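First comes the structure, then the notes that go with it.
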Amino acid sequence: TMKKILALSRLLSRMVLAGALLLSVSTVYAEDLRALLNDRGYVAVELTENRFGHFIAHGELNNTPVDILVDSGATTTVVDQSFVSRINATTRESSIRAVGLGGSQGYLEIADFSDFSLGEQALEPREMKVMNLEHINRVYRSNDVRTLSAIIGSDYLKAHNAIIDY
């Protein structure tokens, strides 16, 4: 069977008649949606789902393979401190204070990367915030799940008008 995606019109989703919500749903085949997005300049990046149900993008930072958690609930995109140390990326202090999962707090550092890609898509090199992700990676390791090198947060997703197809 062909995978289908439901598309809803914003206008129709707001229509109300006699207290009942009118909702018109049109069915679009996945290939048609993919073609439409390609025509509009979107590039597909494959996501894999790990055992925790987290979506992971695979890419490279400074020519080093990375597993990146896609987390629309995270405000900021961050790179793991141990990954930054391992590839000898230069960091600098910042005045940005962060609160992480479990209430951990601290100041973030900033690292500059010469290249960045997700899947086959090369992206503009940029500076990224650096944070210790050991609290996540410890849980991943204890469950035989590959550790993370970074988290892509809503700042990055919004800046690139990302669409996540679940």
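Please read these numbers as outputs of a predicted model, since none were measured by experiment.
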Problem set entry | side chain to side chain contact (heavy atoms under 4.5 Å, CB included) evaluation trace for Ile164 with Leu47 | CA-CA 9 Å; Ile164 302 173; Leu47 301 178; 4.2 Å; yes
For this session: Just do the side chain to side chain contact (heavy atoms under 4.5 Å, CB included) check on Phe113 and Val84 with the steps written out, would you?
Result: CA-CA 10 Å; Phe113 294 94; Val84 170; 4.1 Å; yes
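The backbone N or O of Phe52 lies less than 3.5 Å from a partner atom in the side chain of Asn50, making a donor-acceptor pair. In terms of modelled atom types and a separation under 3.5 Å, the side chain of Asn137 and the main chain of Thr147 share no donor-acceptor contact. Of the possible polar contacts, none joining the Asp80 side chain to the Asn132 backbone as a donor-acceptor pair under 3.5 Å is found. When atom types are taken as modelled, the side chain of Ser94 and the backbone of Leu108 share a donor-acceptor pair closer than 3.5 angstrom.
With sequence neighbours excluded, no residue forms a side-chain hydrogen bond (donor to acceptor under 3.5 Å, both in side chains) with Asp71. Residues forming a side-chain hydrogen bond (donor to acceptor under 3.5 Å, both in side chains) with Arg141 (at least two apart in sequence, or on another chain): Glu134. Applying the side-chain hydrogen bond (donor to acceptor under 3.5 Å, both in side chains) criterion to Arg51, with sequence neighbours excluded, gives no partner residue. Every side-chain contact (heavy atoms from CB on, under 4.5 Å) that Val43 has, sequence neighbours left out, goes to Gln121. Under the rule for a side-chain contact (heavy atoms from CB on, under 4.5 Å), Ser85 has no partner lying at least two apart in sequence or in another chain.
Note: His160 NE2 to Leu118 CG = 8.5 Å, rounded to the nearest 0.5 Å.
The two residues Ser117 and Ala122 have their closest heavy-atom pair at CB-CA, 4.0 Å. Taking each heavy atom of Ile110 and Val130 in turn, the nearest pair found is C-CG2, 4.2 Å.
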Mind listing the side-chain donor-acceptor pairs of residues 35-42 below 3.5 Å, one per line with the distance, residues two or more places apart or on another chain?
from	atom 1	to	atom 2	distance (Å)
Asn38	ND2	Arg34	O	3.4
Tyr42	OH	Asn161	O	3.2

Would you give me the side-chain donor-acceptor pairs under 3.5 Å for residues 54-61, sequence neighbours excluded?
from	atom 1	to	atom 2	distance (Å)
His54	ND1	Tyr140	OH	2.5
His58	ND1	Asp67	OD1	2.7
His58	NE2	Thr48	OG1	3.0

Side-chain donor-acceptor distances from residues 149-157 under 3.5 Å, at least two apart:
from	atom 1	to	atom 2	distance (Å)
Ser154	OG	Ala74	O	3.2
Asp155	OD1	Thr77	N	3.0
Asp155	OD1	Thr77	OG1	2.8
Asp155	OD2	Thr77	N	3.3

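Contact annotation: the side chain of Glu109 never approaches that of Met131 to less than 4.5 Å [non-hydrogen atoms, C-beta and beyond]. Side-chain atoms of Asn62 and Asp115, non-hydrogen and from C-beta on, do get closer than 4.5 Å to each other.
Applying the 6.0 Å contact sphere to CD of Glu49 captures more than 12 heavy atoms from other residues, nucleotides or ligands.
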